[in-house]
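Taking it in order: structure first as structure tokens, then the write-up.
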Amino acid sequence: MRDAEARRLWAANLLRAAAVPLTAVVPAFFMDGFTVLGTHLAWLCVCVLCVGTLNVGLCLVLKPSLPPKRSSVANKISRFLKCCIYFFMSCILFHAIIVLYGAPLIESVTETFLFAVLLSTFTTLQCLCMLGPNIQAWIRVFSKNGATSIWENSLQITTTCSILGAWFGAFPIPLDWDRPWQPEVI
């Protein structure tokens, strides 16, 4: 049983890892003039849609978590709406954190918010797919030694690495501001 779960987790993570590079290559065949750097807003949107769809699809196909005890239509709609609210709140929270860490508040609001949505897709959406809108389960999984399954352990690692990767990718940016290759800001 444990080997089967490990193989399913490995396949899911391999698909997730392949999704981001594919979003940089595949849209060039369908969109004229598409490049990651030239049309970065379009790439962010494509990346969010692909990774989000893949996460939800993997959750539906692999079913890594136990189904809720109540399965009425009203309960499913309620859980879905709570998940949407939690995802939107995480986008707003990540946007605020990114701005507090130094991103421009007004000039690049679209880029900053799309980055917050991308970060929420890599962190919050996976948590919502696996744990649902159950705050007690989130606290249990992200507390010390709280993961009870291989899926929850992977969730801890993926979420932590996504947040740390975003921070480590952004913190050296101000170090280059006084270099001669930087454009003059008027």
Side-chain angles (χ1 to χ4, degrees), residues 4-27 30-31 34 36 40-68 71 75-95 97-98 110-143 146-170:
E5 287 295 311
R7 279 193 298 270
R8 287 174 46 195
L9 178 64
W10 184 82
N13 285 333
L14 187 64
L15 283 172
R16 285 186 188 114
V20 176
L22 285 176
T23 60
V25 175
V26 173
F30 301 108
M31 297 171 63
F34 179 85
V36 173
H40 61 283
L41 293 179
W43 177 75
L44 279 172
C45 292
V46 168
C47 192
V48 165
L49 286 173
C50 290
V51 171
T53 304
L54 181 69
N55 280 337
V56 172
L58 286 173
C59 179
L60 293 174
V61 171
L62 298 178
K63 295 179 178 51
S65 60
L66 296 173
S71 62
N75 188 40
K76 287 180 181 179
I77 292 172
S78 172
R79 284 176 52 90
F80 176 75
L81 291 176
K82 281 182 186 177
C83 287
C84 290
I85 290 169
Y86 286 179
F87 183 77
F88 181 70
M89 286 175 26
S90 75
C91 291
I92 299 297
L93 178 69
F94 278 129
H95 182 80
I97 290 170
I98 293 166
T110 306
E111 288 90 343
T112 305
F113 188 72
L114 282 175
F115 178 63
V117 172
L118 183 65
L119 198 54
S120 292
T121 302
F122 280 116
T123 58
T124 309
L125 187 62
Q126 280 187 308
C127 294
L128 288 170
C129 286
M130 284 181 45
L131 304 174
N134 184 357
I135 298 298
Q136 283 78 25
W138 287 43
I139 292 170
R140 178 187 54 79
V141 168
F142 289 104
S143 64
T148 57
S149 71
I150 191 169
W151 289 94
E152 291 176 356
N153 193 17
S154 173
L155 186 65
Q156 280 181 333
I157 293 168
T158 304
T159 302
T160 304
C161 289
S162 295
I163 292 171
L164 288 175
W167 187 80
F168 280 123

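All residue numbers refer to positions in the sequence shown, counting from 1.
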To the nearest 0.5 Å, tell me how far [X] [atom1] sits from [Y] [atom2].
{"X": "F94", "Y": "I163", "atom1": "CZ", "atom2": "CD1", "value": "4.5 Å"}
{"X": "L125", "Y": "T159", "atom1": "CG", "atom2": "OG1", "value": "10.5 Å"}
{"X": "F168", "Y": "C161", "atom1": "CZ", "atom2": "SG", "value": "10.5 Å"}
{"X": "I92", "Y": "I97", "atom1": "CD1", "atom2": "CD1", "value": "12.0 Å"}
{"X": "C84", "Y": "R79", "atom1": "SG", "atom2": "CZ", "value": "12.0 Å"}
{"X": "L131", "Y": "Q136", "atom1": "CG", "atom2": "CD", "value": "11.5 Å"}

On a heavy-atom basis, which atom in [X] and which in [Y] lie closest, and how many Å separate them?
{"X": "M130", "Y": "E152", "value": "CE-N, 3.8 Å"}
{"X": "C59", "Y": "C129", "value": "SG-O, 2.9 Å"}
{"X": "A166", "Y": "F115", "value": "CB-CZ, 3.7 Å"}
{"X": "S120", "Y": "S90", "value": "OG-OG, 3.1 Å"}
{"X": "M31", "Y": "A42", "value": "CE-CB, 4.0 Å"}
{"X": "A19", "Y": "L54", "value": "CB-CD2, 3.8 Å"}

So, do [X] and [Y] sit near enough that their side-chain heavy atoms are less than 4.5 Å apart?
{"X": "L41", "Y": "C45", "result": "no"}
{"X": "C47", "Y": "V20", "result": "yes"}
{"X": "C127", "Y": "F142", "result": "yes"}
{"X": "H95", "Y": "V117", "result": "no"}
{"X": "T121", "Y": "Q126", "result": "no"}
{"X": "N55", "Y": "F122", "result": "no"}

Main-chain N/O of [Y] paired with [X] side-chain donor or acceptor, under 3.5 Å:
{"X": "S154", "Y": "I150", "result": "no"}
{"X": "W138", "Y": "G132", "result": "yes"}
{"X": "T158", "Y": "L155", "result": "no"}

> Does the pair L58 and L15 meet the rule for a side chain to side chain contact (heavy atoms under 4.5 Å, CB included), with working shown?
Replying inline: CA-CA 9 Å; L58 286 173; L15 283 172; 3.9 Å; yes
>> Does K82 form a side chain to side chain contact (heavy atoms under 4.5 Å, CB included) with L128? I'd like the steps, not just the answer.
In response: CA-CA 10 Å; K82 281 182 186 177; L128 288 170; over 6 Å; no
